[in-house]
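Both counts, for ligands and for their atoms, begin at 1 and track the order of listing. Counting from 1, the numbers follow the sequence of the chain as shown.
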Amino acid sequence: MAEAKDVFTIHDLRDWAAVNADLALPARLAVLGDPVAHSRSPQMHNPALKAAGIDCQYVRLHILPDELTEALSLLKSSGFIGVNVTIPHKGGVFEAVDDMTEVARRIGAVNTVAVDGDRLIGHNTDAPGLRRAIREEFSMDLTDLRVMIIGAGGGAGKAAAVQCAMDHCERLVLVNRTVDKAKALVTELQGLMSDPEKLEGPANRLVAIPWEEKAMEREMGQVDLIINATSIGMKPTDPEVIPQRLIEPYHLVYDMVYSPARTRLMAGATAEGARVANGLGMLLWQGAMAFEFWFNREAPVEVMRAGLAGVEAVKK
Ligand code: NAP
């Protein structure tokens with residue numbers, strides 16, 4: 001019996017019974033993306049499956065955009081329990097599923113799919129995963145925070161913004177290079193943010209601003225949590241997400257980027273006395289919530305955390 005390959009393709013999926021016949025455990029869960037080789041999801045889900053005594057494994061599926069429709073159809077006939085979805089398929093899968101959760105509908109993107117007979121049910125665990133990570137890292141809930149999201153026009157930024165609005169956070173400042181995308185999101189979220197329980201302060205509770213130093217500077221005294229939802233920070237040559245001088249010691253800074261583990265934003269914010277965290281917690285909790293969506297049981301979170309960290313869980 002062979003170990004699972006690092007990455008499977010549509011050609012493998014077309015003959016999944018033959019693939020599974022060669023594996024020690026049948027592959028019934030996967031992350032589906034393009035590219036997908038870098039995904040850390042198998043690293044947390046396979047130890048979780050083992051710890052839960054579920055006899056199957058989780059693999060990577062490299063699916064090109066023009067293969068997506070066929071791939072989703074093959075999942076149903078190949079014994080899959082579900083999949084996670086990553087770049088660039090979160091929007092395409094949103095269009096293709098038969099039903100979805102409220103949070104996925106509001107975000108307009110699906111990152112988790114459960115196969116239910118002949119139907120695909122979509123969910124989005126990025127948003128509640130972020131909420132849980134913020135609580136764990138900073139012992140604060142989104143509902144009590146004034147939040148600035150940089151990169152609000154992207155998929156992860158929109159997920160974060162929808163979650164903040166659904167949680168009726170104190171204030172929401174949406175920052176984006178292409179400011180029109182942030183403005184469109186303000187229009188979408190207006191209803192959710194007009195909560196009669198929350199008092200209107202001197203500043204608007206929901207605003208969109210361009211990714212410009214002066215515009216961000218004006219908002220800094222009226223936000224608590226700053227979230228980087230851009231991909232800036234993954235490369236050493238990347239620019240600053242926000243000028244370091246604008247960060248104050250009372251700020252909480254959450255960088256969705258987790259590779260490198262300590263980004264330039266985190267280093268700069270720490271130097272200013274702010275509390276910081278990287279995106280690994282969000283990755284962990286979105287995975288744990290996907291596990292719970294598939295199996296309707298509590299995820300072995302500590303096993304998953306240890307898997308992500310690349311160490312063996314301490315056996316009690
Ligand atoms: P995306 O849809 O491509 O969105 C990228 C966002 O970043 C857009 O708002 C874009 O602005 C902005 N942006 C990109 N390059 C920029 C630059 N050079 N200067 C200014 N703004 C720039 O990507 P995504 O899927 O949302 O992912 C965003 C980041 O979140 C990635 O680093 C991803 O790895 C991370 N992420 C982490 C987790 C986790 O679990 N930790 C989960 C999901 C995503 P425009 O609209 O102007 O183009």
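Remark: atom 33 (C) of ligand 1 lies closer than 4.0 Å to no protein heavy atom. Within a 4.0 Å radius of atom 3 (O) of ligand 1, the protein contributes no heavy atom. Protein heavy atoms are found less than 4.0 angstrom from atom 46 (O) of ligand 1.
If you chain together hydrophobic residues whose side chains sit under 4.5 Å apart, Met148 and Met266 fall into the same group. Leu280 and Met289 fall into different hydrophobic clusters, where Ile, Leu, Val, Met, Phe, Trp and Tyr are joined by side-chain heavy atoms under 4.5 Å apart, directly or via other members. Under the 4.5 Å side-chain heavy-atom criterion for Ile, Leu, Val, Met, Phe, Trp and Tyr, Leu142 and Val186 are members of the same hydrophobic cluster. If you chain together hydrophobic residues whose side chains sit under 4.5 Å apart, Leu265 and Tyr250 never meet in one group.
The heavy-atom pair separating Ala109 from Asn124 by the smallest distance is O-ND2, 3.0 Å. Across every non-hydrogen atom of Leu252 and Leu145, the tightest pair is CD1-CD2, 4.2 Å. Considering every non-hydrogen atom in both Ala161 and Leu185, the closest pair reads CB-CD2, 3.8 Å. Residue Trp211 comes nearest to Val241 through the heavy atom pair NE1-O, 2.9 Å, listed as atom of the first residue, atom of the second, then distance.
The shortest N/O to N/O separation between Trp211 and ligand 1 does not fall below 3.5 Å. Between Ala152 and ligand 1, no N or O atom pair is found at a separation short of 3.5 Å. Considering backbone and side-chain N/O of Gly151, one or more are found under 3.5 Å from N/O of ligand 1. Polar contact with ligand 1: absent for Leu280 (N/O pair, distance under 3.5 Å). An N or O contact shorter than 3.5 Å is missing between Asp126 and ligand 1 by distance. Considering backbone and side-chain N/O of Gly154, one or more are found under 3.5 Å from N/O of ligand 1.
Looking at Asp238 against ligand 1, nothing comes within 4.0 Å, counting heavy atoms.
With respect to atom 18 (N) of ligand 1, the closest heavy atom belonging to the protein is Arg177 NH1, 3.5 Å. With respect to atom 23 (O) of ligand 1, the closest heavy atom belonging to the protein is Gly155 N, 4.6 Å. The shortest contact between atom 25 (O) of ligand 1 and any protein heavy atom is with Ile87 CD1, 3.8 Å. Among all non-hydrogen protein atoms, the one lying nearest atom 37 (C) of ligand 1 is Met256 O, 3.5 Å. Closest to atom 42 (C) of ligand 1, if we only count protein heavy atoms, is Met282 CE, 3.7 Å. Remark: minimum distance from atom 43 (C) of ligand 1 to any protein heavy atom is reached at Ala156 CB, 3.8 Å.
For ligand 1 and Ile232, the ligand atoms under 4.0 Å from any heavy atom of the residue are 17 (C), 19 (N), 20 (C). Contact atoms of ligand 1 toward Met234: 32 (O) (distance under 4.0 Å to a heavy atom of the residue). Against a heavy-atom cut-off of under 4.0 Å, Val257 is close to the following atoms of ligand 1: 32 (O). In summary, the atoms of ligand 1 found under 4.0 Å from a heavy atom of Gly153, numbered by their order in the structure, are 9 (O). Interface of Lys181 with ligand 1, defined as ligand atoms under 4.0 Å from a residue heavy atom, comprises 45 (P), 46 (O), 48 (O). Close approach of ligand 1 to Thr178 (heavy-atom distance below 4.0 Å) involves ligand atoms 45 (P), 46 (O), 47 (O). When each atom of ligand 1 is checked for a heavy atom of Leu283 under 4.0 Å away, the hits are 40 (O).
Looking at Gly279, Pro239, Ala229, Gly157, it is Ala229 that brings a heavy atom closest to atom 6 (C) of ligand 1. When the heavy-atom distances from atom 11 (O) of ligand 1 to Asn176, Asp180, Thr230 are ranked, the shortest goes to Asn176.
Salt-bridge formation is detected for the pair Arg14/Glu70: a Lys NZ or Arg NE/NH1/NH2 atom is positioned less than 4.0 Å from an Asp or Glu carboxylate oxygen.
The side chain to side chain contact (heavy atoms under 4.5 Å, CB included) test with Leu32 is passed by exactly one of Thr86, Asn84, Leu68: Leu68.
Taking CE of Met193 as the start and CG of Leu172 as the end, the distance is 5.0 Å to the nearest 0.5 Å.
In this structure, the side chains of Ile227 and Leu130 come closer than 4.5 Å at one or more pairs of heavy atoms.
Atom CG of Asn296 sits in a sparse spot, with 12 or fewer heavy atoms from other residues, nucleotides or ligands closer than 6.0 Å. More than 12 heavy-atom neighbours from other residues, nucleotides or ligands sit within 6.0 angstrom of CD on Glu102.
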TODO: Please step through salt bridge (charged side-chain N to carboxylate O under 4.0 Å, His left out) for the pair Asp167 and Arg131, ending with a clear verdict.
DONE: CA-CA 9 Å; Asp167 285 3; Arg131 173 175 53 184; 3.1 Å; yes
